[in-house]
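Here's the structure, in structure tokens; my notes come after.
Order of the sequence lines fixes the chain letters, A, B, ..., with proteins taken first and strands second; residue numbering starts at 1 for each chain. Source: prediction; values computed, not measured. The analysis underlying the following values was restricted to heavy atoms, covering all of them including side chains, and did not include hydrogens, waters or symmetry mates.
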2 protein chains.
Amino acid sequence: MTKRLTTTAFVDHAPHLIKDAVKLVASYPTVPITVDCVIFGFEENELKVLLIRSDLEMYKGFWSLLGDNVKDNEELDSAAYRILKERTGMNDVYLDQVRAFSHPQRHPGGRVITLAYCSLLNIQHHELMIYANELHWHSFSSIKEMAFDHKEILDTCYAWLQKRIQEHPLGFNLLPDKFSLRELQNLYEAILGVSLDRRNFRKKFASMGLLIDVGEMEEDVPHRPGKLYKFNFEKYEKNKRKWIGIDF
Amino acid sequence: MTKRLTTTAFVDHAPHLIKDAVKLVASYPTVPITVDCVIFGFEENELKVLLIRSDLEMYKGFWSLLGDNVKDNEELDSAAYRILKERTGMNDVYLDQVRAFSHPQRHPGGRVITLAYCSLLNIQHHELMIYANELHWHSFSSIKEMAFDHKEILDTCYAWLQKRIQEHPLGFNLLPDKFSLRELQNLYEAILGVSLDRRNFRKKFASMGLLIDVGEMEEDVPHRPGKLYKFNFEKYEKNKRKWIGIDF
DNA sequence: TTATTATTGTGTAAGATGTACACATTTAAA
DNA sequence: TTTAAATGTGTACATCTTACACAATAATAA
């Protein structure tokens, strides 16, 4: 997907030149790098976030993002996917790098730079696979304090999500495969913190042509059941470039 | 501006707990970190980018972004500002973190993670202050190959800029203090790679209310001179939140 | 001095999109 | 059978976007 090292072919790899390069890099200070994942979910009409108890005694009682150090020669994206896989058992989830946090005192154990990643996942899919204790979904709005600078990271990722969801139809990653328009609207209202006109909301999504009517109805609702839809991932992938903004 | 370490006050700083934290961090692999700045300018109706000859013999002849390693306990943002200051003499320039590049083989000297920063600066202001040799403005569109993965970084920052400039009136950072609407339009056309309707373009900017008529006219143009404007930075800063998207 | 050229400055109509708003229909539950 | 609660739909209005043309101005060339 991303182009990599396209210039390598033109470069002289003579051993003494490599040695020079190695020497240069060896002169750089080094820093421990971590990845912290903000994992959003949606349940009971609330935006949730998956947190774990801090593993540091110092932050005993504080909640913390799911993070880990980046291994030797591990790409940041891979580290983020690895953490997700290890902690939730999930493989194919939406994941994006948000930004780096580098305040020298952000970790009490010394200088650590962390890369924040934002991930969206479907709680229904994932619920069964969590194995770790002390891993819990929290209502996003209830979180006031966290370990390290994780509250700042969380807030940054939330702002990122609010913006991102208005540019790309990401919400589907948080919903079951089949969902009603009401559920979809609840999701948008929860994330954006606004209330939307039902008719206009439906009209807008209808006009996007990304919803497939699966011909089924909601069940076990205490009122008239609504139609169920699934998201047209294929069509979205095809027309991605038209959905505002080149991905970078 | 950003909240930092808001939870620290609630945390137990007993020495043995700090020792634990230090021990934990000491167990993490460490990585050399660099910052690479993509510095855009605008001149002669072309988007330009400021590049330097690669300092690695291996990439002799290749152009490279302005980068440096991040010092001990230096914040990434500070490192980026330091590089800008050192290389261009400029202090108050627009600067934003774009993203991290972490391919294990991206640097021939071994594993180096770099943080890409994007910066916009006014070539007129800055021209006199460049002191380094081998530091040149290049037409963005003419750049085909670069050292390391810098072409990929450049392309990423360009895509980022294209998107960003449609959400925030960043273009002003690239123009002289006083500019004509034609110059402003040329800038947008150059960055977005489209041609825009002159009347609609003017109407749009007029309706934003961010332009101040300085009561002067262009000089030395071989045709009817246009009015000069300056950008209303104050008003923009005040209403920033309304300019699409919370900053994150 | 005049004519030519290039560019500025402006307005309007049509289309597209966003917003506000109301009523009949359907199901579950009382 | 009635009631309550939600679904499903359409229309008018306002706002934004797009397409498009002509007179005014200054520099230049004749």
Side-chain angles (χ1 to χ4, degrees), chain A residues 44-46 162-163 165-169 171 175-176 178-230 239 242-245, chain B residues 44-45 162-163 165-169 171 175-176 178-190 192-230 239 242-245:
Chain A
E44 292 161 348
N45 291 341
E46 268 196 326
Q162 285 191 316
K163 183 179 156 145
I165 203 175
Q166 296 184 71
E167 301 173 342
H168 295 268
L175 290 176
K178 301 171 185 176
F179 52 85
S180 67
L181 285 173
R182 159 59 53 187
E183 289 175 293
L184 186 61
Q185 185 176 341
N186 285 342
L187 171 66
Y188 274 79
E189 290 181 336
I191 292 177
L192 298 176
V194 295
S195 69
L196 304 166
D197 182 273
R198 192 166 53 92
R199 286 157 290 190
N200 293 335
F201 182 84
R202 297 161 91 91
K203 213 187 311 172
K204 181 154 188 177
F205 271 91
S207 77
M208 287 191 204
L210 288 176
L211 296 179
I212 301 171
D213 185 338
V214 292
E216 296 172 46
M217 306 296 273
E218 284 182 300
E219 281 171 28
D220 303 320
V221 285
H223 54 77
R224 173 178 178 183
K227 285 186 182 179
L228 293 180
Y229 296 87
K230 62 179 183 177
N239 303 337
K242 294 173 62 180
W243 290 104
I244 302 184
Chain B
E44 291 160 351
N45 291 342
Q162 285 191 316
K163 184 180 155 144
I165 202 174
Q166 296 184 71
E167 301 171 343
H168 295 267
L175 290 176
K178 300 171 186 176
F179 51 86
S180 67
L181 284 173
R182 159 59 53 187
E183 289 174 295
L184 186 61
Q185 183 176 343
N186 286 341
L187 171 65
Y188 274 78
E189 290 180 335
L192 299 177
V194 295
S195 71
L196 303 167
D197 182 273
R198 191 167 56 92
R199 285 158 292 186
N200 294 335
F201 182 85
R202 297 161 90 90
K203 212 189 311 174
K204 181 156 190 176
F205 271 91
S207 76
M208 286 192 206
L210 289 176
L211 296 179
I212 300 170
D213 184 338
V214 294
E216 296 173 46
M217 306 297 270
E218 286 181 300
E219 279 171 28
D220 302 321
V221 286
H223 53 77
R224 174 178 176 184
K227 286 185 180 180
L228 293 180
Y229 296 87
K230 62 179 181 178
N239 304 336
K242 295 173 61 178
W243 290 104
I244 301 185

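- A:Q185 places its CD atom 12 Å from the C1' atom of D:dT7, with the value rounded to the nearest Å.
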Which parts of nucleotides 13-20 of chain C does protein reach within less than 4.0 Å, heavy atoms only, written one letter per nucleotide 5' to 3' as B for base, S for sugar-phosphate only and - for none? ------BB
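- Remark: B:K178 pairs with B:E216 by the side-chain hydrogen bond (donor to acceptor under 3.5 Å, both in side chains) rule, at least two apart or across chains.
- Counting to the nearest Å, the P atom of D:dT17 and the CD atom of B:Q166 are 12 Å from each other.
- Remark: P of D:dT7 and CD of A:E219 are 16 Å apart, rounded to the nearest angstrom.
- Not a single side-chain hydrogen bond (donor to acceptor under 3.5 Å, both in side chains) links A:R202 to another residue, sequence neighbours left out.
- Taking the ring pair (Phe, Tyr, Trp, His ring centres under 6.0 Å) definition, one finds that B:F205 meets it with B:Y188, B:F201, sequence neighbours left out.
- For B:R182, a side-chain nitrogen or oxygen approaches OP1 or OP2 of C:dT8 to under 4.0 Å.
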When you compare the protein's N or O atoms with those of nucleotides 14-16 of chain D, which come within less than 3.5 Å of each other, and at what distance?
none

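- Residues that satisfy the salt bridge (charged side-chain N to carboxylate O under 4.0 Å, His left out) test with B:K203, not counting sequence neighbours, are absent from this structure.
- Rounded to whole Å, atom P of C:dG9 lies 13 Å from atom CG of B:L184.
- A:K227 is linked by a salt bridge (charged side-chain N to carboxylate O under 4.0 Å, His left out) to A:D213, counting only residues two or more places apart in sequence or in another chain.
- With a 4.5 Å cut-off on side-chain heavy atoms, A:L211 and A:F179 count as touching.
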Given protein heavy atoms under 4.0 Å, the one-letter contact record of nucleotides 24-30 of chain D, with B base, S sugar-phosphate only and - none, is simply BBSS---
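- Partners of B:R199 according to the salt bridge (charged side-chain N to carboxylate O under 4.0 Å, His left out) rule, which considers only residues two or more places apart in sequence or in another chain, are B:D197.
- Across all strands, A:R202 comes closer than 4.0 Å to base atoms (heavy-atom distances).
- A:E189 meets the salt bridge (charged side-chain N to carboxylate O under 4.0 Å, His left out) test with no other residue; sequence neighbours excluded.
- Between A:K163 and B:E167, at least one side-chain N (NZ, or NE/NH1/NH2) sits under 4.0 Å from a carboxylate O, which counts as a salt bridge.
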